[in-house]
Amino acid sequence: MFESLVNNFTTLTTFLFFGNMFRTKHLLNSGLKDRSRRIVLGFALGFFGVVHMYFTFPITHHVFADFRQLPILISVYLGGFTSGWIATLIISIYRVFFLHGVSPISIFGGGLNAIFTLVIALLFIRPRKLSFKRWLTALALSILTSNVGFYLTLEGNARSEAIPMFSIVFALGGIFTYSMLQYLQKSGDSLRTLREAARRDFLTGLYNARAFEVLLQQKIESFHRYHVPFTLLMVDIDHFKKVNDTYGHAAGDAVLSQLASILRDTFRPGDEIARKGGEEFVIILDHCDRDKIVNIAERLRSNVENQTFVLPQGIEIHITISAGSATYPDIDEEQLLDKADQALYKAKESGRNQVWRA
């Protein structure tokens, strides 16, 4: 029995680890819609349940059990109802018709037990929210449904031996699964935090230059699929060097940070804002053509001009910006950045505090 349990726990660990790796690296970045991802998860976890049927462990001399209910609990946690019912359907059909043939034991122990487990999981487990109390409740009720099956299909000593032994082993497997899911969730959250920090400018919290390059390429690729135009807007603070020379670099940092807040307030959540370097910012405006950018950029210019910037010394100053825009696909992707930069240069050359289009 010990060897069988080791095999089961090894299978659990391997599937959860590599399954989570595939999910985070490929499935979540595949471009599939959320419902499609849930369907894929359901099939994967249904297959996982089928695999577990071949890793049985003895709980008496003549009674064997497995962890096929755990994939159902996992499927509801990861993908809700859609993943859950697909995994349950695969597991129950395989158990009833393909494993050892149709019999009262396969119908109750396979089909009905899987359905009861799904109902319990849907009642107590919240998708993507891992609560130990809820997981333990679902686990306990799943054990209870299996024990009812043992009670109805076994007799005498087999029944009295199977029920407590199965309860202990399945509880250990369920708690181990919860611990693995919690570890993978925390590891994933930490990794996402690190990745996001690597993409952000430390001072303003906006995307940095490297992240901007990736976002721009993604936006171009998106255009080829959906044919939605976008505009690149480059923004530069007028006479920023004078602010640094007069009030110090801490004052310059304060101006940059406050300008970043204005940018966030001016643009929509879907627009990508980045600090390109120094006092230069760049914005990718989605669903924005050459005509729309005029009013949007002018609103930004006016917002900055009318804003009072407070320096660390308590001094209040006013600044202005110059901006240049270039719209895709009106301008080729190879020239997009250069054209926006040239438009910005024309705005500065013409007296600053202006917006020019390429």
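Keep in mind that this is a model prediction, so the values were computed, not measured.
By the 4.5 Å side-chain criterion applied to Ile, Leu, Val, Met, Phe, Trp and Tyr, Val214 is assigned to no cluster and stands alone.
With sequence neighbours left out, the salt bridge (Lys or Arg N to Asp or Glu O under 4.0 Å) criterion links Lys339 to no other residue. Take Glu333 and apply the salt bridge (Lys or Arg N to Asp or Glu O under 4.0 Å) test, not counting sequence neighbours, and it matches no residue. Taking Lys348 as the reference, Asp236, Asp238 meet the salt bridge (Lys or Arg N to Asp or Glu O under 4.0 Å) condition, with sequence neighbours excluded. Checked against ring pair (Phe, Tyr, Trp, His ring centres under 6.0 Å), Phe15 has the following partners two or more places apart in sequence or in another chain: Phe48. Looking at residues two or more places apart in sequence or on another chain, you find a side-chain contact (heavy atoms from CB on, under 4.5 Å) between Val148 and Phe108, Leu152. Contacts of Tyr151 classified as side-chain contact (heavy atoms from CB on, under 4.5 Å), with partners at least two apart in sequence or in another chain: Arg159, Ile163. Applying the ring pair (Phe, Tyr, Trp, His ring centres under 6.0 Å) test to Phe9 and every residue at least two apart in sequence or in another chain returns Phe67, Phe176. Listed by chain and number, the residues in a ring pair (Phe, Tyr, Trp, His ring centres under 6.0 Å) with Tyr345 amount to none (sequence neighbours excluded). Partners of Asp34 by side-chain hydrogen bond (donor to acceptor under 3.5 Å, both in side chains), not counting sequence neighbours, listed by chain and number: Arg38.
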> Under the side-chain hydrogen bond (donor to acceptor under 3.5 Å, both in side chains) criterion, do Asn208 and Arg199 qualify, and how do the steps go?
Replying inline: CA-CA 6 Å; Asn208 56 28; Arg199 303 175 69 198; over 6 Å; no
Side-chain donor-acceptor pairs of residues 71-80 under 3.5 Å, sequence neighbours excluded:
from, atom 1, to, atom 2, distance (Å)
Ser75, OG, Pro71, O, 3.3
Ser75, OG, Ile72, O, 2.7
Tyr77, OH, Gln185, NE2, 3.2

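The pair Arg301-Glu298 meets the salt-bridge criterion, since a charged nitrogen lies less than 4.0 angstrom from a carboxylate oxygen. Asp271 and Arg268 are joined by a salt bridge, as a carboxylate oxygen and a charged side-chain nitrogen come within less than 4.0 angstrom of each other.
Side-chain contact between Ile317 and Ile315 is present, with at least one heavy-atom pair separated by less than 4.5 Å. Between Tyr207 and Asp201 the shortest side-chain heavy-atom distance does not fall below 4.5 Å.
For residues 128-147, the set of pairs meeting the side chain to side chain donor-acceptor pair (under 3.5 Å) definition, not counting sequence neighbours, comprises Gln69-Ser146, Asn113-Thr145, Asn113-Ser146, Asn147-Ser167.
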